[in-house]
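Data block below; observations after.
Predicted model, so just to flag it, every value in this text is computed and none were measured. In the text below, chain A, chain B and the rest are named by the order of the sequence lines, each starting its count at 1.
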There are 2 protein chains.
Amino acid sequence: MNSKEIAKIAGVSRSTVSRVINNYPNVPPDTREKVLKVIKEYNYVPHASARMLRGKSSKTIGLVIVDLKRDSDIHKIYDNVYFGPFTTAVIDFANQIGYNVLVTTVYRVKDYKKVKEIFYNKTISGAIFIGVRNNDPEIKSLIEEGFKIAIVDQEIKEGDDIFGRSIIVNMDNINGAYEATKYLINLGHKEIAHITGDLDKLSGFARLEGYKKALKEADITYDAHYIVKGNFVEESGYNAIYKLLRKVRPTAIFAANDQMAIGAMQALQELKYNVPDDVSIIGFDDITLSRYVKPALTTMSVSLFQMAELCVENLVKSIEVESEIIAKFLVSAKLIERESCRKIID
Amino acid sequence: MNSKEIAKIAGVSRSTVSRVINNYPNVPPDTREKVLKVIKEYNYVPHASARMLRGKSSKTIGLVIVDLKRDSDIHKIYDNVYFGPFTTAVIDFANQIGYNVLVTTVYRVKDYKKVKEIFYNKTISGAIFIGVRNNDPEIKSLIEEGFKIAIVDQEIKEGDDIFGRSIIVNMDNINGAYEATKYLINLGHKEIAHITGDLDKLSGFARLEGYKKALKEADITYDAHYIVKGNFVEESGYNAIYKLLRKVRPTAIFAANDQMAIGAMQALQELKYNVPDDVSIIGFDDITLSRYVKPALTTMSVSLFQMAELCVENLVKSIEVESEIIAKFLVSAKLIERESCRKIID
DNA sequence: CTGAAAGCGCTTACAG
DNA sequence: CTGAAAGCGCTTACAG
C-alpha cells in the first residue's frame, strides 16, 4: 500500500494525498475527509524512508551510552543502576513528543564509529550522550560537524569553545558535594575522607571540588591522605576502604556516588566497623538500591527524570528550529537523610 | 557528500561506487581500492533511507517494553529492575551483529499504535516484545500481518495457532517454580504460601502451576487460603503479607518474583516476624537487589542475558533468511541459596 | 484548489 | 568489467 494506490482509491492525485498527510491548508474539508477515510481503512502509513529522502526529519534521536572503563568485563553496563532509569526516562519523553529513540552503547573508543555512522547516514537527527569523559574529542568532532547533541555531565565553558555550541545538562555537582560534606561537618565530623569518581569526568572532579570547598569554609585543612581515587563503580568503593584505612582513620566518608558508598559499606562491615556508629558515610545520586541497604544510605538525590526531560526537550527543539540552541542546565541535588550518618560527640 | 560526488572524484560511475559498497565480486581490486580510498577520505556513508527505499533492510529492530498495569503512575517503569538489564543486553547483542535498536514503551493499549506505525512505515524490520500478557490480541494481529516478532514470556502452544509462527523465549517457569517450592519442602516446610504474579501473564500462571506440582508430589494438600494474588511489583508483595496473615500462618513463602519477595520481607519485618527464623521466603529472577537486602534473598536465577541473546539472534536470523523461523526456547532457572530460608525442625 | 513532473540518493537489471 | 537508466515512495515547486 502506497500513496499512489491510496490516491487511486480516493479518486485524487498523489499530490493531494500528500497534502492531506502533511496538513496543507489548501485542501477542502470534504476532499480531506475522503482521503483520510481511505488512509484509515487501509492502515496506510507513509514510508518513513521515502519521506526522509525528501528532506523530512527522521523523528529519531540517538541515546549514546558511553562506558569506556571496561577492560575485560563487557557486561558491566548490564546492571548499571544509573543508565537504566535514564534510558527509560529519555524514551518516555521522546515518545511523548513523537520521537523514536535509537539506543547505542560505546564500550571502546572505536565504537564511536557506530555512532558516527548513524549520524552520517541520517538515521538520527540528533543524540544525547551519557557517561562521557569531560572534553571527549570524539564528541567534539561530532559537534564541530554541526550535529545536534545534548551531553550529560560535561563542563560548561565560557567563550567560543566547541562544547559551548551543544546542549549540556549537569547535576549541580559542586553544590551537591559541598552540601554533603557540610552535612558531615555539621554533624561534628572533622576527619572526613572522600572517595572520588573518575577524575576525567565532570561529576568526578566537580564533586571533589565541592568537598574541598566545604572543608575550606569550615577551616579544616585539606589532607590528601583522606582522598582515595575510585571510578564510580561499587568495587572501587570497596577497594577504597582498604587503601584508606592503611593511612588514616576517618570518622566520616563522602563517596562520590552511591555505588561506591555501598561498596565501601561492605568493606567496612567486613572489617567490623559499624556504620554509622564507627564511621558515617554519605553518597551521591540516590539510586534505588540506597533505600534497601542496611543501614539505608544517606545521600544527595538528583532527579534523573528531570535531566532526561531537559535533554530531550532541548535537543528536539534544536532539531526542529534549525537555529542553533545553546542551553546549559544545572539540576540541583537534595539531601536525603537516612541511617548511614550520625552525630559525633567527643 | 553522496555517491555521485564520490563517483566523480574517484573517476567512476555511481554504479561502480555502489558495487564497491555492496561488495559485488565483479569489481577489479584496484578499482575497488581507488573507490574505497575516496570513501574513507570523505567519510562517506550511504544515506540509509535511500538504501532502504531500494529495498535494503533497515538493520533496525524494535524493542517494545510493555507495562500495562499502571493506572495513574506513569513512571513505574522508570526503576524497573527487569527491563533495564534486558534492554542493555538486547542493545549489546544487536549492535554486535550490526543492528540498531529502537526502544519503545507501551503503557496503554493505545500506545500499540506507535508500534504499528514503526512497523508500517518500515522503520524497523522486526521487534522483540517484553512484558506482554499471554495471548495479547495486539501482538497477535501484528504476527498475522507477517511481521517478524520475538516474544518473551508467551505460552507455547501446539498446532497452527498464530503465536506458533513467532519466536518465543521463556524462562522455564514451571520447573523453576517447582524447584523453588520443592526446596522449601525439603527444608521441612509444609505450610507454604505463594504470592502470585499477574495471572494473565505466562510467568504468573506457570509459576503457580509449578508450585502446585511440587505440593502435589509431596502429598501436601493444595489450599487456596495460602495463595495471594500479586502483580509482580514490590508493593503487591508487601500487601500480600497483610492479606495472607489474616487467614493463615505459613512457615514459608514462595513469591513469584524477587520484587514481591522483597516487598513481603518488608511487611514481615514491620510485623516483627523474623526472616528466616519465623518465616522462610524464596523469590524468582535473581535481580541485583536480592544480593543486597538483609537477609539476602534466596531465589531462582535466570539469565536475562541469555534470553536477550536468543531473542536477538533468532529475530535477526528470521529477518535475514526471509523464510519463516519458528523457534521456541526455554531458559532454565537455577537455585541461588542465600539467607532467607531455613530448615525447619519440629 | 489540484495534477503532472522533478528529484531526494541510492541499487540493480540491462546492455555493451 | 562498467556505465546509463529506471525506479523505490514520497514531497513540493510549478502551472493552471
(message) Looking at every non-hydrogen atom in both residues, tell me the closest pair between A/Asn170 and A/Met307 and how far apart they are.
(response) C-CE, 3.8 Å
Is any side-chain N or O of [X] closer than 4.0 Å to OP1 or OP2 of [N]?
X	N	value
A/Ser3	D/dG9	no
B/Asn22	C/dT11	yes
A/Thr31	C/dT2	yes
A/Thr16	C/dC1	no

(request) Among D/dA4, C/dG3, C/dT11, find the nucleotide with the atom closest to the side chain of B/Ser15. (result) D/dA4
(request) Would you indicate which nucleotide in C/dT11, D/dG3, D/dC10 comes nearest to any side-chain atom of B/Arg19? (result) D/dG3
(message) Under a 3.5 Å cutoff, is there a donor and acceptor pairing between the side chains of B/Asp67 and B/Thr105?
(response) no
(message) Under the side-chain contact (heavy atoms from CB on, under 4.5 Å) test against A/Ile151, which residue among A/Ile167, A/Asp136, A/Ile143 passes?
(response) A/Ile143
(message) Would the base of D/dA4 count as contacting B/Ser13 through its side chain, where contact means a donor and an acceptor less than 3.5 Å apart?
(response) no
(message) Just to be sure I understand the rule, does A/Asn26 reach a base, reach only the sugar-phosphate, or reach nothing, if contact means heavy atoms closer than 4.0 Å?
(response) base
(request) Write out the stems for DNA chain D, ordered by first number and formatted as range with range, counting runs of at least 3 consecutive Watson-Crick or G-U wobble pairs under 3.5 Å. (result) C:1-3 with D:14-16, C:5-12 with D:5-12, C:14-16 with D:1-3
(message) Can you confirm whether B/Val101 sits close enough to B/Thr60 that some side-chain heavy atom of one is under 4.5 Å from a side-chain heavy atom of the other?
(response) no
(request) Please list residues of residues 36-55 of chain A whose heavy atoms come under 4.0 Å from any atom in DNA chain D, ordered by number; otherwise none. (result) A/Tyr44, A/Pro46, A/His47, A/Ala50, A/Arg51, A/Leu53, A/Arg54
(request) List the steps and the verdict of salt bridge (charged side-chain N to carboxylate O under 4.0 Å, His left out) for A/Glu138 and A/Lys116. (result) CA-CA 9 Å; A/Glu138 298 285 340; A/Lys116 290 194 168 166; 3.6 Å; yes
